There are 6 protein chains.
Amino acid sequence: MKLLFINPNISESVSALIRAEAVRSASPGTEIDVATASSGVAYIETRFEALLGAHAAAQIAAERHERADAIVVAAFGDPGLMALREVLPSPVTGLTEAALASACLLGRRFSIVAISQRIRAWYAETVDAYGLGSRLASIRGLDAALPDIGAVQGTQGERLVQLALHCVQHDGADVIVLAGAPLAGLARDVADRIPVPVVDGVSSAVRHAETLVRMRAGKARAGSFAPPPAKAHQGLSPEIARLLARAHGGGLMQD
Amino acid sequence: MKLLFINPNISESVSALIRAEAVRSASPGTEIDVATASSGVAYIETRFEALLGAHAAAQIAAERHERADAIVVAAFGDPGLMALREVLPSPVTGLTEAALASACLLGRRFSIVAISQRIRAWYAETVDAYGLGSRLASIRGLDAALPDIGAVQGTQGERLVQLALHCVQHDGADVIVLAGAPLAGLARDVADRIPVPVVDGVSSAVRHAETLVRMRAGKARAGSFAPPPAKAHQGLSPEIARLLARAHGGGLMQD
Amino acid sequence: MKLLFINPNISESVSALIRAEAVRSASPGTEIDVATASSGVAYIETRFEALLGAHAAAQIAAERHERADAIVVAAFGDPGLMALREVLPSPVTGLTEAALASACLLGRRFSIVAISQRIRAWYAETVDAYGLGSRLASIRGLDAALPDIGAVQGTQGERLVQLALHCVQHDGADVIVLAGAPLAGLARDVADRIPVPVVDGVSSAVRHAETLVRMRAGKARAGSFAPPPAKAHQGLSPEIARLLARAHGGGLMQD
Amino acid sequence: MKLLFINPNISESVSALIRAEAVRSASPGTEIDVATASSGVAYIETRFEALLGAHAAAQIAAERHERADAIVVAAFGDPGLMALREVLPSPVTGLTEAALASACLLGRRFSIVAISQRIRAWYAETVDAYGLGSRLASIRGLDAALPDIGAVQGTQGERLVQLALHCVQHDGADVIVLAGAPLAGLARDVADRIPVPVVDGVSSAVRHAETLVRMRAGKARAGSFAPPPAKAHQGLSPEIARLLARAHGGGLMQD
Amino acid sequence: MKLLFINPNISESVSALIRAEAVRSASPGTEIDVATASSGVAYIETRFEALLGAHAAAQIAAERHERADAIVVAAFGDPGLMALREVLPSPVTGLTEAALASACLLGRRFSIVAISQRIRAWYAETVDAYGLGSRLASIRGLDAALPDIGAVQGTQGERLVQLALHCVQHDGADVIVLAGAPLAGLARDVADRIPVPVVDGVSSAVRHAETLVRMRAGKARAGSFAPPPAKAHQGLSPEIARLLARAHGGGLMQD
Amino acid sequence: MKLLFINPNISESVSALIRAEAVRSASPGTEIDVATASSGVAYIETRFEALLGAHAAAQIAAERHERADAIVVAAFGDPGLMALREVLPSPVTGLTEAALASACLLGRRFSIVAISQRIRAWYAETVDAYGLGSRLASIRGLDAALPDIGAVQGTQGERLVQLALHCVQHDGADVIVLAGAPLAGLARDVADRIPVPVVDGVSSAVRHAETLVRMRAGKARAGSFAPPPAKAHQGLSPEIARLLARAHGGGLMQD
């Protein structure tokens with residue numbers, strides 16, 4: 001089985017963290033492929049950055065999905081995930097969706113520990129969009145500058161543990177989600193210092209993507225996740241145009 | 001005052017409808033500019049199409065916002081609106097947001113009459129994302145093929161009125177929203193056949209955009225609509241890169 | 001165009017604040033009329049005071065609505081607004097409804113800064129009744145005695161700014177609403193000290209009432225905002241009896 | 001113990017129905033007093049009619065509360081209830097609040113069977129305002145003209161039973177609430193034809209009002225149901241002015 | 001009238017508190033019977049302890065319900081209540097359900113003051129399951145060890161009052177619920193020190209159970225509270241088997 | 001890895017279906033153990049039957065959990081799941097929780113197709129308790145008698161497909177959950193006749209239980225899923241007493 005992780009940001013150092021944790025988490029026989037966006041920002045904290053990341057993720061998915069059995073949008077916030085689920089023939093998930101699925105299987109209310117203050121509003125909207133607001137205990141974030149996003153686990157690890165403990169003691173968290181691709185793999189290192197289950201987005205995504213492949217639940221041909229209906233388009237990248245054409249078995253080019 | 005309407009789709013016929021209704025609705029002294037996406041689909045019905053439209057809207061906004069006092073994302077569903085509100089220095093709204101603001105000022109529960117069955121799930125998610133689910137009475141849509149999207153008012157006008165009457169009689173609608181740029185201006189023609197207030201997205205957007213300009217409420221410098229923080233980026237269009245740089249007074253180019 | 005602002009309280013000093021800000025905000029050609037309740041309390045903080053204000057507002061509306069193109073209930077909390085929307089032939093809005101419409105067009109979550117602690121519960125219920133609870137970040141209020149309600153901007157202005165800053169920094173507010181007719185016009189003075197958009201109820205009501213007049217969306221003839229059905233009544237003021245009779249084209253007097 | 005039922009409408013025939021059912025339901029030693037509004041409409045179906053009823057109820061409560069141990073607002077929709085709970089020294093409830101309390105003690109989801117189509121929106125808002133929307137299965141109403149509101153049980157009884165059966169079979173109702181003072185006492189007559197518990201507002205109000213008197217839980221001196229703070233007022237009826245003065249032990253008359 | 005209170009825990013000292021308060025609260029002619037679980041834990045704080053309590057309550061109800069006109073599950077959290085409402089022919093309520101019904105009749109938002117920190121999550125879930133989350137202001141709990149659960153009123157009474165005052169001053173509570181059978185009767189002693197109405201679960205349950213008996217609203221024969229359908233079973237206690245058989249008038253024994 | 005499936009009902013025929021599907025779904029190296037309740041009913045449709053099943057599941061878990069790496073409560077509705085998650089040292093899930101996790105990874109809104117009309121209320125409450133009500137499109141159920149619960153797939157398979165198609169076409173379902181242990185394995189047979197992904201509870205539980213074991217997220221030592229605090233108990237089965245003692249490392253026996 002092949003899983004394609006799409007880092008919708010430009011940070012190769014974060015892609016390396018994603019790859020390392022994904023490989024550690026994968027079942028025997030699962031291959032991990034990680035693609036890094038060629039356009040975008042260093043890491044996503046805002047809705048506009050997510051818009052850029054969503055488009056980059058779509059382009060990569062269009063280029064490379066045929067070589068994968070399942071796709072993972074590898075940024076917390078899952079930019080573009082629901083859109084890709086419509087158009088791709090294979091299963092897709094994202095770090096938030098996967099981490100929240102794990103958290104829901106481990107307890108009732110979860111807190112998210114994040115890399116910045118700014119990022120919290122976007123994460124809260126993501127959780128709400130998934131209809132899981134009633135299970136969110138809190139979102140807490142670092143308040144430090146992050147000049148080297150790939151090194152945040154080293155420089156901020158202790159502070160992140162303190163935030164997690166605060167969520168357990170004061171916010172009623174049954175589970176802690178360490179959020180964001182830059183924290184991929186940290187859960188392993190700090191789990192024994194946090195007295196509730198700790199969830200990592202990347203390893204959750206590996207496991208749930210494998211499950212989706214194995215379940216063979218089928219691609220929607222009706223309902224709101226059926227492929228977009230065939231209609232005129234123009235100016236799209238060749239890969240995205242091909243993806244649309246394949247999705248509905250034809251498609252019209254406007255001229 | 002200058003208002004820029006961004007049609008995130010490629011249909012010039014729909015842009016013409018938008019322009020005509022916007023000009024009719026504008027206050028004296030308000031100029032209307034309409035830009036049509038150079039890439040995308042004929043009209044948006046799904047999340048993936050919205051992703052494409054959001055990116056096209058961002059590119060147009062980056063290119064042209066400096067010549068406008070306020071911006072309108074001129075597709076129902078408001079692709080990219082919240083992202084643009086972060087990054088643009090001037091006010092931004094969208095057809096759904098504006099129509100819903102009007103509807104909330106006219107009654108308690110509104111129904112949305114839409115151009116297709118497929119589009120309903122995306123509209124429902126948009127309303128939910130605005131926190132207005134409790135005021136939504138229903139969404140009803142046409143079930144016909146729409147080969148010429150710019151002509152839908154003429155070919156489907158009668159059916160749309162019937163759908164609106166059904167919403168009033170059976171769904172508890174206090175207000176009807178005729179949804180989607182292809183229906184721009186229809187409200188004027190059919191209002192006297194529908195026994196509750198009828199709302200049009202384009203005229204609502206004109207009026208509310210004018211209000212936002214006049215109110216001078218200020219651009220957020222803090223909170224979740226402050227401009228994205230400065231950080232490394234690459235591969236963005238020159239216009240979007242310049243928008244980010246201007247937003248945070250500098251910006252870092254990764255090399 | 002003529003807008004009638006109904007101050008459902010007895011404070012002429014507050015009516016003067018309302019008038020001043022309304023005149024400043026009105027478009028060219030819009031005339032502002034302000035009526036002060038002849039019965040009631042100095043300012044509304046509780047549900048019982050709102051009941052008194054709602055009745056006073058209804059009486060004034062019945063007396064004077066024919067000389068106005070739109071009506072504004074000019075107390076935050078909007079006493080009687082939904083009732084007047086049923087019975088009046090012209091558009092009606094209120095300070096809360098209008099301010100919240102503005103806030104929703106400017107950001108995602110808003111905080112309300114209010115003149116007292118006691119008033120917060122009533123405001124929270126008003127926001128909930130509008131279905132906007134998910135967009136409310138917080139309500140914060142002064143905790144001082146207010147012997148001269150018309151002078152609160154002068155004596156408490158600094159403290160109100162501090163409350164607003166607290167909402168931005170700690171409660172996640174994207175927008176600040178300065179609530180209550182006694183604060184009419186304050187937003188202009190303090191906007192540059194608050195790093196997010198600041199909304200004023202009176203100027204919002206002027207703009208949105210103008211919009212409602214211009215939109216000509218129509219008066220409900222069906223649904224829950226149609227005029228009350230004709231039925232026996234007695235003991236009502238002549239003006240309210242006439243309003244009911246006019247609303248349903250006849251009406252029955254019980255004898 | 002003395003219970004005062006306030007019929008906020010002008011229909012003496014409905015007051016007679018209220019009195020009859022209240023007397024049948026009262027515990028030994030409980031006296032029932034029923035007051036009919038001297039101003040208002042025949043029966044409340046809309047928000048504006050409720051505004052009129054709320055004010056009439058306040059005036060009656062101000063005049064007569066001292067002779068009662070508890071007060072009941074005897075119209076479904078409970079016009080003025082929350083306001084009276086602030087200002088009156090003794091317990092207050094209403095037909096909706098009381099009926100819903102009974103329904104919640106008998107099952108999980110309840111349906112409301114009502115006397116008209118129009119009344120449904122107002123009832124739905126009342127249930128929502130009580131935070132019980134998730135327990136509401138449906139509201140169904142008669143669609144007949146009701147020329148003699150005091151005779152509706154006789155003329156429409158069969159149809160009301162049919163509506164109730166529909167709620168059980170199709171809407172998932174565990175409990176039926178027969179809503180509105182004009183239906184007072186009907187539950188006794190039809191309970192054995194409806195296969196779930198049937199709740200009557202008047203008998204519920206008698207029982208719960210007796211409970212509130214017996215519980216001696218105390219009048220709020222703090223929080224949002226404390227009496228309104230003392231402040232200037234003018235133009236109020238002598239009884240309401242006296243009620244306010246008594247509530248806060250003084251009060252200021254503006255002159 | 002006979003009311004059976006089922007203490008689903010093994011603490012006779014708590015049963016004595018329940019009995020004392022129930023007897024004080026009962027109307028003339030109401031007899032109180034209290035049964036203590038023969039298996040279980042000292043007091044319930046967690047979901048697993050509630051599972052044990054629910055089963056013990058069911059066994060006692062099966063053994064003794066025929067001698068009672070109504071049943072009360074006498075632990076806050078109401079273990080087994082909804083299940084017993086299906087299967088028993090007579091009305092059933094519980095301490096939480098009854099206390100919340102009282103609280104809703106006395107104000108809008110209530111806080112729960114509880115005996116431990118741990119118990120709060122389970123209480124919050126109980127309130128949510130009743131659909132009353134929007135009326136919950138807060139849950140605050142003791143943080144002391146409770147070696148003698150029957151003596152907690154004496155050793156922790158002062159601290160409980162302080163928690164209640166905190167709920168009023170900081171959490172917006174209109175009403176205080178003193179939660180848990182070990183606090184039965186405390187409300188009487190401390191009510192005058194708390195400036196909002198104070199509700200006790202046991203006295204509420206007495207009053208509401210009496211009301212349910214008097215209302216004769218009928219046992220559900222349809223809907224989700226009809227008795228469980230007849231079907232094969234095995235290994236149940238003779239009393240539970242008899243209860244099921246009686247509920248559906250027969251029942252099948254598997255062999 | 002060893003997974004223990006607990007059938008909380010007495011039907012060996014259903015246990016056989018569970019076992020067959022679990023074995024088909026398990027990864028290489030995963031062993032499946034299925035235990036059938038020795039006491040209880042043939043299949044659970046109501047809250048009372050779930051109470052019986054929860055207790056039976058707890059007893060089996062206490063007896064056999066030490067021989068398993070993870071536990072599955074193998075009835076839709078998950079009787080006892082949250083309680084067992086507190087007390088067991090290893091991960092636990094249930095058919096509903098697992099199926100809903102799968103459904104959330106495959107689409108936005110899911111419908112549940114169930115074996116009876118009666119069962120729908122309990123399922124709806126289960127979904128609500130998981131905070132997923134906003135993602136539930138509908139629950140539809142068979143309306144036939146089910147004399148042989150182990151044969152329902154054969155006798156009712158066609159009708160179940162029709163219900164699923166109805167959910168897709170009329171209720172807005174993006175995903176279908178075939179609910180209940182008696183339907184274990186049916187999804188495989190009918191997936192190609194239903195145009196959206198189809199989810200099976202047993203195979204979902206196998207996959208997610210394997211994931212929980214592999215993730216090693218840790219057992220809660222704090223928060224609401226920590227083991228119940230040590231306290232006096234009596235009358236429990238030796239296995240449950242031992243489970244409690246082991247959970248908190250000691251425990252007190254009351255004598």
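Just so you know, these numbers come straight off a predicted model, no measurement behind them. Quick note on labels: first sequence line is chain A, next is B, and so on, each numbered from 1.
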Cross-interface N/O pairs, chain F with chain A, donor-acceptor, under 3.5 angstrom:
residue : atom : partner : partner atom : Å
F/R85   : NH2  : A/L105  : O            : 2.9
F/L105  : O    : A/R85   : NH2          : 2.9
F/R108  : NH1  : A/A129  : O            : 2.3
F/R108  : NH2  : A/A129  : O            : 3.1
F/A129  : O    : A/R108  : NH1          : 2.3
F/A129  : O    : A/R108  : NH2          : 3.1
F/Y130  : O    : A/R135  : NH1          : 3.1
F/R135  : NH1  : A/Y130  : O            : 3.1
F/D174  : OD1  : A/S224  : N            : 3.2
F/D174  : OD1  : A/S224  : OG           : 2.8
F/D174  : OD2  : A/S224  : OG           : 3.4
F/P195  : O    : A/R221  : N            : 2.7
F/P195  : O    : A/A222  : N            : 3.1
F/V198  : N    : A/A217  : O            : 3.3
F/R207  : NE   : A/T211  : OG1          : 3.0
F/R207  : NH2  : A/T211  : OG1          : 3.2
F/T211  : OG1  : A/R207  : NE           : 3.0
F/T211  : OG1  : A/R207  : NH2          : 3.2
F/A217  : O    : A/V198  : N            : 3.3
F/R221  : N    : A/P195  : O            : 2.7
F/A222  : N    : A/P195  : O            : 3.1
F/S224  : N    : A/D174  : OD1          : 3.2
F/S224  : OG   : A/D174  : OD1          : 2.8
F/S224  : OG   : A/D174  : OD2          : 3.4

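Minimum heavy-atom separation, F/G218 to A/P197: O-CG, 3.0 Å.
The greatest number of non-hydrogen atom pairs below 4.5 Å with chain F, out of A/V196, A/V168, A/V198, A/L105, is found for A/L105. The greatest number of non-hydrogen atom pairs below 4.5 Å with chain F, out of A/A101, A/G131, A/G107, is found for A/G107.
Between the SG atom in A/C104 and the CG atom in F/L132 there is a gap of 6.5 Å [rounded to 0.5 Å].
If you measure heavy-atom distances from F/V175 to chain A, you find no contacts under 4.5 Å at all. The part of A/I194 that comes within reach of chain F is its backbone (N, CA, C, O), which places non-hydrogen atoms under 4.5 angstrom from that chain. For a residue to count as touching a neighbouring chain, one of its non-hydrogen atoms must lie under 4.5 Å from one of that chain's; by this rule A/L106 touches chain F with backbone and side chain alike. No part of F/A209 comes within reach of chain A, as not one of its non-hydrogen atoms sits under 4.5 angstrom from that chain. For a residue to count as touching a neighbouring chain, one of its non-hydrogen atoms must lie under 4.5 Å from one of that chain's; by this rule A/V206 does not touch chain F. Interface remark: A/A226 contributes no atoms to any contact with chain F (heavy atom separation under 4.5 Å).
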